[in-house]
Amino acid sequence: MIINTLKPLGVPVKFQTLSEKEKLSDPSSYITFFEYNQRSALDSDDEETLTRHFVQVDIWSKVDYTDLVKQVKENLKQVGFSRNFETELYETDTKIFHKVIRFNYITRRS
């Protein structure tokens, strides 16, 4: 769901990390993501009926990523994600700007 939602932004979007081949293509910006937690959001008759998923989206960039960050937040909000954390980092070893945004969303158990 995340890949399809962010794909229109025109930057590589991958689960956890880019491959070495993709890194060699040297994109100016790319996005990685992973799920770091999930738990019950609603129980009924001792059964989980709704599950809350917590995901971290990392935006990596060698250029100003302000517009990309805004688009990521807007696109994920449109499909039901809620933002619950955000911070900025700078990776001194690779000289890449790194935006960390954590979201959550709810799914119904079938």
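Quick note: numbers below take in every heavy atom, side chains included, and nothing from hydrogens, waters or symmetry partners.
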Is Leu6 reachable from Tyr30 through a run of I, L, V, M, F, W or Y residues, each pair having side-chain heavy atoms under 4.5 Å apart?
no
Flag, side chain of Asn75 to backbone of Thr5, donor-acceptor distance under 3.5 Å
yes
How about Thr51 and Ile106: do any of their side-chain heavy atoms sit closer than 4.5 Å?
no
When you group the ILVMFWY residues by side-chain heavy-atom contacts below 4.5 Å and let the links chain together, are Met1 and Ile3 in the same group?
yes
Kindly give the heavy-atom pair with the smallest separation between Arg52 and Asn104, and that separation in Å.
NH1-OD1, 2.6 Å
Under a 4.0 Å N-O cut-off, is there an ion pair linking Glu86 with Lys73?
yes
Flag the pair Lys95 / Tyr90 as yes when at least one side-chain heavy-atom distance between them is below 4.5 Å, and no otherwise.
yes
Check: Ile101 and Gln56 side chains under 4.5 Å, non-hydrogen atoms
no
Just by modelled atom types, is the Glu47 backbone N or O under 3.5 Å from a matching donor or acceptor in the Asp45 side chain?
no
Tell me, do Asp43 and Thr49 make a side-chain contact under 4.5 Å, heavy atoms counted?
no
Plane angle bin for His53 and Tyr105 - parallel if under 30°, tilted between 30 and 60°, otherwise perpendicular
parallel
The test is side chain to side chain donor-acceptor pair (under 3.5 Å); show your working for Asn84 and Arg102 and say whether it passes.
CA-CA 6 Å; Asn84 57 308; Arg102 289 186 170 186; over 6 Å; no
Under a single-linkage definition using a 4.5 Å side-chain heavy-atom cutoff for Ile, Leu, Val, Met, Phe, Trp and Tyr, are Leu76 and Phe34 assigned to the same hydrophobic cluster?
yes
For Asp67, does the CG atom sit with more than 12 other heavy atoms under 6.0 Å from it, leaving out its own atoms?
no
Could you check whether atom CG of Asp93 has more than 12 heavy atoms from other residues, nucleotides or ligands sitting under 6.0 Å from it?
yes
Lys99 vs Tyr65 side-chain heavy atoms within contact, under 4.5 Å
yes
Hey, could you give me the CD1/CD distance between Ile96 and Glu91, rounded to the nearest 0.5 Å?
7.5 Å
Assess the side chains of Asp58 and His98: does a donor N or O sit below 3.5 Å from an acceptor N or O?
yes
Test item: Val11 and Ile59 side chains (from C-beta on) under 4.5 Å apart, heavy atoms
no
Could you go step by step and tell me if Val55 and Phe81 meet the side chain to side chain contact (heavy atoms under 4.5 Å, CB included) rule?
CA-CA 9 Å; Val55 296; Phe81 284 70; 3.7 Å; yes
Between Ser29 and Trp60, is there a side-chain donor-acceptor contact under 3.5 Å, judged purely by atom types and distance?
no
Interatomic spacing from CD in Glu48 to CG in Leu50 - rounded to 0.5 Å
8.0 Å
Side-chain heavy-atom pair Thr32, Gln16 within 4.5 angstrom cut-off:
no
Taking Val63 as the starting point, is it possible to reach Val13 by hopping between hydrophobic residues whose side chains are less than 4.5 Å apart?
no
For the residue pair Leu89 and Phe97, establish whether any side-chain heavy-atom pair is separated by less than 4.5 Å.
no
In this structure, is the centre-to-centre distance between the rings of Phe33 and Phe15 below 6.0 Å?
yes
With a 4.5 Å cut-off on side-chain heavy-atom distances among I, L, V, M, F, W and Y, is there a chain of contacts connecting Ile31 to Val100?
no
